[in-house]
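These figures come from a predicted structure and were not determined experimentally.
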Amino acid sequence: MSWSSSDFRPSAKVFGENGVLEEQKSPKFKKRETEVYVGNLPLDISEEEIRCLLKDFSPLHVHRVQNGCKCFAFVDLGSMQKVALAIQALNGKLFRKRKLYVNSSNRSPKRTPDVTERPQELLISEKASAQGFAGTTACPQLTPKASGEPCETEKPKTSFFAVPMEMRGSFLVLLLRECFRDLGWLATIPSVSGEVGLLVTSTVPQTPFFWAMHITETLHRNMLALFSALAEAEEQQPYLHDSAVRRGARGLAEYHLGSHGPAWNRCWVLDRVDSWVVVMFVDFGRSATIPVQSLRALDSDDFWTIPPLTQPFMLEKGILSSNQVIHCILKGKITGALNLESHILKFEEFK
């Protein structure tokens with residue numbers, strides 16, 4: 001079987017550039033006393049939405065920061081008393097399906113995943129790790145050194161990357177169970193090893209995480225069967241009724257394959273905002289925002305007998321650039337599974 005990078009050319013969407021936290025002219029001590037740190041925010045949240053979230057505490061200034069797959073903010077509330085009240089009221093609160101981390105700005109919490117909350121499907125062949133992050137891979141620090149810093153800061157730093165939310169076991173098991181019901185095949189993922197070819201479909205900006213298809217004869221057969229079935233059934237599938245378009249619904253939507261044009265693909269509804277819906281294309285590991293009225297029904301389990309064609313990986317060394325690798329096939333070897341996320345395989349590229 002031969003494969004080329006022209007076989008699939010899904011359009012790439014980048015979440016956005018890294019936020020840069022600038023020093024304020026006001027005294028450092030005063031800034032820390034009156035500001036509150038708000039972490040684990042959705043990537044698409046605006047400063048106005050953050051201000052609305054803390055409206056009960058009369059925020060004076062909001063500084064939103066996006067760093068790769070993380071989004072957080074520093075909000076000036078004007079007094080230490082309001083900071084304490086905001087922490088008491090909002091820390092641990094669910095906001096758009098995310099647990100907020102709220103603290104004083106000089107005590108940003110270190111987050112570690114709660115293994116007890118993770119579904120049993122992803123605990124198979126898994127060894128516990130005290131790190132709680134993808135600490136097996138060390139990558140250069142990407143933040144440029146500001147001029148005038150002491151010489152000792154010029155030493156290379158080590159970055160540890162938290163597993164992106166869309167790749168976390170709790171998220172994926174919820175999605176996979178809703179879509180595929182039977183997750184028996186999931187237990188075989190951690191046992192995959194050796195030399196492989198991966199067709200990259202998506203990357204997470206500024207991290208070593210990416211989505212790819214493991215090129216095998218089985219994948220080839222599954223792709224032919226799945227896409228042929230969807231092409232034949234697409235016109236026969238009714239559009240989803242407006243009331244049925246909600247989080248957790250299975251469906252069929254158009255996925256844009258670059259110069260090849262759109263193709264209908266299986267998807268799962270992540271969220272809905274008015275007349276728009278955010279979906280996850282399970283065979284490409286990509287999310288997209290589409291009109292509600294463009295989503296077709298795909299309830300029959302006959303369409304979900306084939307497991308998802310793509311899965312998450314982590315690069316052992318370095319960081320992938322979406323401009324270089326999306327739509328391309330990487331050759332390398334799988335060296336094992338991530339300690340706390342056994343469905344994510346570690347991949348080392350041949351140079």
Can you see whether H241 engages S243 through a side-chain donor-acceptor pair at a distance of less than 3.5 angstrom? yes
Could you list the donor-acceptor pairs under 3.5 angstrom formed by side chains in residues 79-91, with sequence neighbours left out?
unit_1, atom_1, unit_2, atom_2, d
S79, OG, K82, N, 3.2
N91, OD1, V102, N, 3.0

Looking at residues at least two apart in the chain, or sitting in another chain, which of them share a side chain to side chain donor-acceptor pair (under 3.5 Å) with [X]?
{"X": "S275", "value": "none"}
{"X": "R247", "value": "none"}
{"X": "R246", "value": "none"}
{"X": "S58", "value": "none"}

How would you list, by chain and number, every residue that makes a ring pair (Phe, Tyr, Trp, His ring centres under 6.0 Å) with W264, sequence neighbours excluded? none
Got a sec, which residues hit ring pair (Phe, Tyr, Trp, His ring centres under 6.0 Å) with F347, two or more places apart in sequence or on another chain? none
With a 4.5 Å heavy-atom cut-off, do [X] and [Y] have their side chains touching?
{"X": "M213", "Y": "T201", "result": "yes"}
{"X": "F180", "Y": "P308", "result": "yes"}
{"X": "C267", "Y": "M280", "result": "no"}
{"X": "M314", "Y": "L345", "result": "no"}
{"X": "L198", "Y": "V196", "result": "yes"}
{"X": "L315", "Y": "T207", "result": "no"}
{"X": "L100", "Y": "L53", "result": "yes"}
{"X": "V75", "Y": "V36", "result": "yes"}

Calculate, to the nearest 0.5 Å, the distance between atoms [atom1] and [atom2] belonging to [X] and [Y] respectively.
{"X": "W211", "Y": "L309", "atom1": "CH2", "atom2": "CG", "value": "12.5 Å"}
{"X": "L41", "Y": "K70", "atom1": "CG", "atom2": "NZ", "value": "13.0 Å"}
{"X": "D271", "Y": "S287", "atom1": "CG", "atom2": "OG", "value": "11.5 Å"}
{"X": "F284", "Y": "L199", "atom1": "CZ", "atom2": "CG", "value": "9.0 Å"}
{"X": "E254", "Y": "N265", "atom1": "CD", "atom2": "CG", "value": "11.0 Å"}
{"X": "L54", "Y": "L77", "atom1": "CG", "atom2": "CG", "value": "6.0 Å"}

Apply salt bridge (Lys or Arg N to Asp or Glu O under 4.0 Å) to [X] and list each qualifying residue two or more places apart in sequence or on a separate chain.
{"X": "K55", "result": "none"}
{"X": "D44", "result": "R96"}
{"X": "E348", "result": "K317"}

Is the side chain of [X] donor-acceptor paired with the backbone N or O of [Y] at a distance under 3.5 Å, no angle test?
{"X": "W268", "Y": "G248", "value": "yes"}
{"X": "E49", "Y": "S46", "value": "yes"}
{"X": "H343", "Y": "M167", "value": "yes"}
{"X": "R266", "Y": "F303", "value": "yes"}
{"X": "S228", "Y": "A225", "value": "no"}

State plainly whether one hydrophobic cluster holds both L252 and W276, where clusters connect Ile, Leu, Val, Met, Phe, Trp and Tyr through side-chain heavy atoms under 4.5 angstrom apart. no
Search all heavy atoms of [X] against all heavy atoms of [Y] and return the closest pair with its distance.
{"X": "L338", "Y": "V163", "value": "CD2-CG2, 3.9 Å"}
{"X": "I50", "Y": "A73", "value": "CD1-CB, 3.8 Å"}
{"X": "N40", "Y": "M165", "value": "OD1-CE, 4.4 Å"}
{"X": "A337", "Y": "K346", "value": "O-CE, 3.7 Å"}
{"X": "R51", "Y": "L60", "value": "NH1-O, 3.9 Å"}
{"X": "A187", "Y": "P190", "value": "O-CD, 3.3 Å"}

List the steps and the verdict of side chain to side chain contact (heavy atoms under 4.5 Å, CB included) for H327 and V200. CA-CA 6 Å; H327 322 150; V200 180; over 6 Å; no
Ion pair present between R168 and E166, side-chain N to carboxylate O less than 4.0 angstrom? no
Residue pair D76, T34: steps toward the side-chain hydrogen bond (donor to acceptor under 3.5 Å, both in side chains) verdict: CA-CA 6 Å; D76 188 353; T34 63; 3.1 Å; yes
With side chain to side chain donor-acceptor pair (under 3.5 Å) as the rule and sequence neighbours excluded, what pairs involving residues 182-198 come up? none
Indicate, with yes or no, if the rings of F209 and F313 have centres closer together than 6.0 Å. no
Where does the angle between the aromatic ring planes of F281 and Y255 fall among parallel (under 30°), tilted (30 to 60°) and perpendicular (over 60°)? perpendicular
Of L183, L186, L172, which meets side chain to side chain contact (heavy atoms under 4.5 Å, CB included) against R177? L183
Result of checking V273, I290, L270 against V278 for side chain to side chain contact (heavy atoms under 4.5 Å, CB included): L270
Let me have the donor-acceptor pairs involving side chains of residues 294-301, under 3.5 Å, with sequence neighbours excluded, atom names and distances please.
unit_1, atom_1, unit_2, atom_2, d
S294, OG, P291, O, 2.7
R296, NE, E234, OE2, 3.3
R296, NH1, E234, O, 3.3
R296, NH1, Q237, O, 2.5
R296, NH2, E234, OE2, 3.1
R296, NH2, Y239, OH, 3.0
S300, OG, D302, N, 3.3
D301, OD1, R250, NH1, 3.2
D301, OD1, R250, NH2, 3.1

Yes or no on side chain to side chain contact (heavy atoms under 4.5 Å, CB included) for I215 and K331, after CA distance, side-chain angles and deciding distance? CA-CA 10 Å; I215 306 300; K331 294 182 180 180; over 6 Å; no
Evaluate side chain to side chain contact (heavy atoms under 4.5 Å, CB included) for F95 paired with I45, printing each intermediate quantity in order. CA-CA 11 Å; F95 176 71; I45 195 171; 3.5 Å; yes
